[in-house]
Amino acid sequence: MAHFITLEGIEGSGKTTQIALAADFLRRLGYSVVTTREPGGCPIADSIREILLHPDNSALVPRAELLLYAAARAQHVDQVILPALQSGHLVLCDRYTDATLAYQGYGRGLDLELIEQLNALACGDCQPDLTLVLDLPHDIGLARARQRNDMYDQGDEGRFEQEALDFHRRVRYGYLELALKEPQRMRIIPAVGNVQEVAERVSRCLEGFHGRD
Ligand code: TMP
């Protein structure tokens, strides 16, 4: 059985830290885990990521942004995700199709049905079995993300952090609405508290998934 798990959340929700801890936890359960991320995950998609996230590219129009995310995803699915699943690995992916619905749909206001069609074109039936949404108030998440960028001087990762607070509020509520529509696949994990507390919530959820095998 394929095991494809995605992690989602607004800026500063702690996905990067939690994905590493989740991978360790799943390995201890006996899975062979491949971690990857979107946009990116392979050289061509990484090049598209640079275009998408560079602060100098603020002129990128929403439709072009949407198409670039879809292009990066198509490449990533064919080159990384599908081969890993077919070889029996568990794939843990930092963001996937729900991010496009939340950011380009709820955030930018592009048509959700159109995005679903593009998602389908990019990934066919390569759908996650489980999606964890790390949720926290958007103002707290954004403050965390800005602090991290200042600390590590990650200027090239900053285009979305520059968006207004209201954009991040729409993205957050987008994720919550998506999770309400698909409660079987999507689980909301409160991301408030320290790293260990959040990791325990994530592990409990993964344990339940493991128990279904
Ligand atoms: P990251 O900061 O989690 O690596 O994600 C990169 C940024 O790309 C983040 O601000 C969310 C955004 N994004 C979209 O807008 N649409 C998408 O489909 C994906 C995968 C990411």
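Every residue was checked against the side chain to side chain contact (heavy atoms under 4.5 Å, CB included) condition with S47, not counting sequence neighbours, and none meets it. Not counting sequence neighbours, the partners of D24 by the side chain to side chain contact (heavy atoms under 4.5 Å, CB included) test are R27, R28. Evaluation of the side chain to side chain contact (heavy atoms under 4.5 Å, CB included) rule for D135 yields R172, L176, I188 as partners, not counting sequence neighbours. In terms of the side chain to side chain donor-acceptor pair (under 3.5 Å) criterion, residue partners of T6 (sequence neighbours excluded) are, by chain and number, T131.
Counting only heavy atoms from C-beta outward, the side chains of C126 and L85 approach each other to under 4.5 Å.
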- Message: Quick one, Y69 with Y103, criterion ring pair (Phe, Tyr, Trp, His ring centres under 6.0 Å). Give me CA distance, side-chain angles, the key distance, then yes/no.
- Response: CA-CA 11 Å; Y69 277 111; Y103 281 80; 8.0 Å; no
- Go through the steps for L82 and F4 under the test side-chain contact (heavy atoms from CB on, under 4.5 Å), then give the verdict. CA-CA 10 Å; L82 279 178; F4 182 22; over 6 Å; no
- Task: Apply the test side-chain contact (heavy atoms from CB on, under 4.5 Å) to residues Q75 and I48: give CA-CA distance (whole Å), side-chain angles for both, the deciding distance (0.1 Å), then the verdict.
- Result: CA-CA 10 Å; Q75 193 70 30; I48 299 175; 5.8 Å; no
- Message: Set out, in order, the CA-CA distance, both residues' side-chain angles and the distance that settles side-chain contact (heavy atoms from CB on, under 4.5 Å) for I81 and C123, then state yes or no.
- Response: CA-CA 10 Å; I81 300 176; C123 47; over 6 Å; no
- Just do the side-chain contact (heavy atoms from CB on, under 4.5 Å) check on T100 and L118 with the steps written out, would you? CA-CA 10 Å; T100 318; L118 262 181; over 6 Å; no
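Pairing each heavy atom of A22 with each of L206, the nearest pair is CB-CD1, 3.8 Å. In terms of heavy-atom proximity, A102 sits nearest to L178 at N-CD1, 4.3 Å. Contact record, S13 with A191: O-CB, 3.7 Å, taken as the closest heavy-atom pair. The minimum heavy-atom distance between A45 and G40, with the atom names listed, is CB-O, 3.4 Å. Here the closest non-hydrogen pair linking V198 and Q18 is CB-NE2, 3.5 Å. Contact detail for P137 and I10: the closest heavy-atom pair is O-CD1, 4.0 Å.
For the atom pair CD1 (I5) and OG1 (T35), the distance works out to 12.0 Å, reported to the nearest 0.5 Å. To the nearest 0.5 Å, the span separating CG on L7 from CD1 on I189 amounts to 8.0 Å. Rounded to the nearest 0.5 angstrom, Y175 OH and R170 CZ are separated by 14.5 Å. Atoms CZ and CG, from F25 and L92 in turn, are 12.0 Å apart once rounded to the nearest 0.5 Å. Separating the CD1 atom in I19 from the CG atom in D94 is a distance of 4.5 Å, to the nearest 0.5 Å. Note that CD1 of I140 and NE2 of H168 are 14.5 Å apart. Values are rounded to the nearest 0.5 Å.
Note: the hydrophobic cluster containing L21 does not contain V91 (ILVMFWY, side chain heavy atoms under 4.5 Å, direct or indirect links). Residues L67 and L114 fall within the same hydrophobic cluster, defined by Ile, Leu, Val, Met, Phe, Trp and Tyr side chains chained together at heavy-atom separations under 4.5 Å. Hydrophobic clustering (ILVMFWY, side-chain heavy atoms < 4.5 Å, transitive): Y31 and V80 are in distinct clusters. No continuous path of hydrophobic side-chain contacts links V195 to V202 [ILVMFWY only; heavy atoms under 4.5 Å]. Hydrophobic clustering (side-chain heavy atoms under 4.5 Å, transitive across Ile, Leu, Val, Met, Phe, Trp, Tyr) groups L60 together with L66.
None of L110, I115, V171 except one satisfies the side chain to side chain contact (heavy atoms under 4.5 Å, CB included) rule with L101; the exception is I115.
In this structure, E11 contributes its side chain and H138 its backbone to no donor-acceptor pair below 3.5 Å. Proximity of a side-chain donor or acceptor of E8 to a complementary backbone N or O of Y96 within less than 3.5 Å is detected. Between the side chain of R95 and the main chain of G9, a donor-acceptor pair closer than 3.5 Å is present.
Pairs engaging residues 38-48 under the salt bridge (Lys or Arg N to Asp or Glu O under 4.0 Å) rule: E38-R73 [sequence neighbours left out]. Among residue pairs with one or both ends in residues 174-189, those qualifying as salt bridge (Lys or Arg N to Asp or Glu O under 4.0 Å) are D98-R185, E182-R185; sequence neighbours excluded.
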